[in-house]
Protein chains: 2
Amino acid sequence: MSMARARPLVLDPNRRDDPCAHCGARAYSVCSAIDSKDLDRLAALSTQIVVDPGRSFIEEGDAAEHFFNVTSGTAKLFKLLPDGRRQITGFASTGHFLGLAVSTAYSFSAEALEPMRICRFSRPKLKLMLDDFPAMEKRLLEVASNELVAAQEQMLLLGRKTARERLASFLIARADMPSHCLGHQPGHAETVLLPMTRNDIADYLGLTIETVSRTLTKLRSEGLIEIPSASTVVIKRHAALEAIASGSGGH
Amino acid sequence: MSMARARPLVLDPNRRDDPCAHCGARAYSVCSAIDSKDLDRLAALSTQIVVDPGRSFIEEGDAAEHFFNVTSGTAKLFKLLPDGRRQITGFASTGHFLGLAVSTAYSFSAEALEPMRICRFSRPKLKLMLDDFPAMEKRLLEVASNELVAAQEQMLLLGRKTARERLASFLIARADMPSHCLGHQPGHAETVLLPMTRNDIADYLGLTIETVSRTLTKLRSEGLIEIPSASTVVIKRHAALEAIASGSGGH
DNA sequence: CGTTGTGTTGATATTAATCAACAAGTGTGG
DNA sequence: CCACACTTGTTGATTAATATCAACACAACG
């Protein structure tokens, strides 16, 4: 099977038209106004990169010279405190944009969880691109708005939810993610795949690995989920888990 | 003293050219490409609103019919859980944009802390405006990017910082805010004014009012700050407080 | 096979929350 | 002007949730 050329941006892997709850993309394309001819021009402006699991491609504090679009795979995005405490601010998968910030330095680090393909633009070339494709700028504004909403939801989780509610929220959010973000079937997926370690989950939810482990065990013992393997959770009672996630689940 | 007309968007109150750490505005204008003739056209598209302290002008869950720009005053932005737990996701002052989200419903509520003037656009008119002023769209993307960076910083605070570090971060951030956001002198202000209650601070930092009160008392007893009145904090040892805020302050 | 990384479970410690009392300020009406 | 209620903030005693410390199970991998 031959690929004409690696496409610089992620287009329509499976033709669904509802917006992605995670990244807001419609039809999983960067911008409907960008046709395949435009894509060739974009390809000329960008560099395709492959990143192995465990490798970082953005380091907090480094000069922000590039702008990225994730073509496949997943990265964790995080910030560190001097003593090593870490907060994972999000996971970036297919279609996500990284490094948009106005600042001259990256405000977070990014490390691949799975093998990744990334499309990279230098900042000057990003500027060219945005000037050439105003629709692209509109798209980026939509994406940034969606991420802001997600960030505020995460602040609610980190500031006010219990460990139990955090885990329930995390699982529900992963279950409701569409296929292009996660690699499984869309809708309320019953089976949730967790490509990240317990440590990553803990650092994403503002907890310790022990609390994550204990809380998952408790949810399992209550029949809300099953854990066939450490990286797989099956949601048995979606509504009940959702109630816990929203803070109306009792206990 | 006569005002020709209430300007729909905030322009250059005091001519400073460095970007606002909080909202990213340069020269405290919405967009340098918008001149006063354009402003008149924008005024025709917008409605000027006054909001009294304690009044809400955005309710989480309501249909997102409007887009707002804060002309003066400060609002708290927050999300609620069903049992009343609250997370304040930010404070919006002069120059801030609200309600940009792609979603059809507001994802947060907004309530005035001080008397406010707001410039309101209906969504269809926002669309008109953005189509007419592409520079405005660029500006909004910059603003959204900056807010995203601030949101991630807040996630680090909520997920990984101690109560002491949270208060120090909060005070340092307020001290470093430029005058157009706060109404006092720019730079490292020594005196920080807190227009919000202890309850608001607690809900912003993911703590209780008692912990906020105790922690401030402790910082005072250590000589790092003074508290001449409940709504005023004087920073005595900025560098030490900053070290605590960054997580390298010991204790 | 041992080694290493990852995850689970148990015992204990610690931070911040909760419960409670009180102080200080603000506004109201007599 | 003062008594009163009401809001806001502070401080103390106790509790509870989660972190920390520790042991062990298990799988992946050389």
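Note on naming: letters A, B, ... go to the chains in the order of the sequence lines (proteins, then strands), and numbering restarts at 1 for each one. Reckoned from all heavy atoms, side chains included, excluding hydrogens, waters and symmetry mates.
- For the pair A:K161 NZ and C:dA17 C1', the interatomic distance rounds to 19 Å; values are reported in whole Å.
- Between C:dA17 and B:T211, a contact under 4.0 Å exists linking OP1 or OP2 to a side-chain N or O.
- Residue B:I227 contributes atom CD1, which lies 14 Å from atom C1' of D:dT8 at whole-angstrom precision.
- The nearest heavy atom of DNA chain D to A:T162 and to A:E210 marks one nucleotide each, and the one closer to the 5' end goes with A:T162.
- Taking the six-membered ring for Trp and the full ring otherwise, B:F78 and B:F108 have centroids separated by 6.0 Å or more.
- Nearest-nucleotide mapping onto DNA chain C: of B:A163 and A:R220, the residue sitting toward the 5' end is A:R220.
- Side chains of A:E114 and A:T74: a donor on one and an acceptor on the other come within 3.5 Å.
- Here A:T208 does not reach the OP1 or OP2 of D:dT20: none of its side-chain N or O atoms lies under 4.0 Å away.
- Whole-Å rounding puts the B:L207 CG to D:dA17 P distance at 18 Å.
- A:D203 has its CG atom 11 Å from the P atom of D:dA19, to the nearest Å.
- Distance CD1 (A:I209) to C1' (D:dA22): 12 Å, rounded to an integer number of Å.
- Between A:T197 and C:dG5 there is no side-chain N or O to OP1 or OP2 distance below 4.0 Å.
- No hydrogens or angles were tested; on distance alone, a donor-acceptor pair under 3.5 Å links the side chain of A:R214 to the base of C:dG10.
- Using modelled atom types, no side-chain atom of A:R214 and backbone atom of A:I209 make a donor-acceptor pair closer than 3.5 Å.
- Side-chain atoms of A:T89 and A:K79 form no donor-acceptor pair, as typed in the model, at a separation below 3.5 Å.
- Across the protein-nucleic acid pair, A:L158 atom CG and C:dA16 atom P stand 15 Å apart, rounded to whole Å.
- When each of B:R160 and B:N199 is assigned the nucleotide of DNA chain D with its nearest heavy atom, B:N199 is the one assigned upstream, toward the 5' end.
- Computed from coordinates, the B:D200 CG to D:dT8 P distance equals 9 Å when rounded to whole Å.
- A:F91 and A:F170 have tilted rings, their planes meeting at an angle from 30° to 60° on a 0 to 90° scale.
- Per the geometry, CZ belonging to A:R198 stands 12 Å off P belonging to C:dT6, to the nearest Å.
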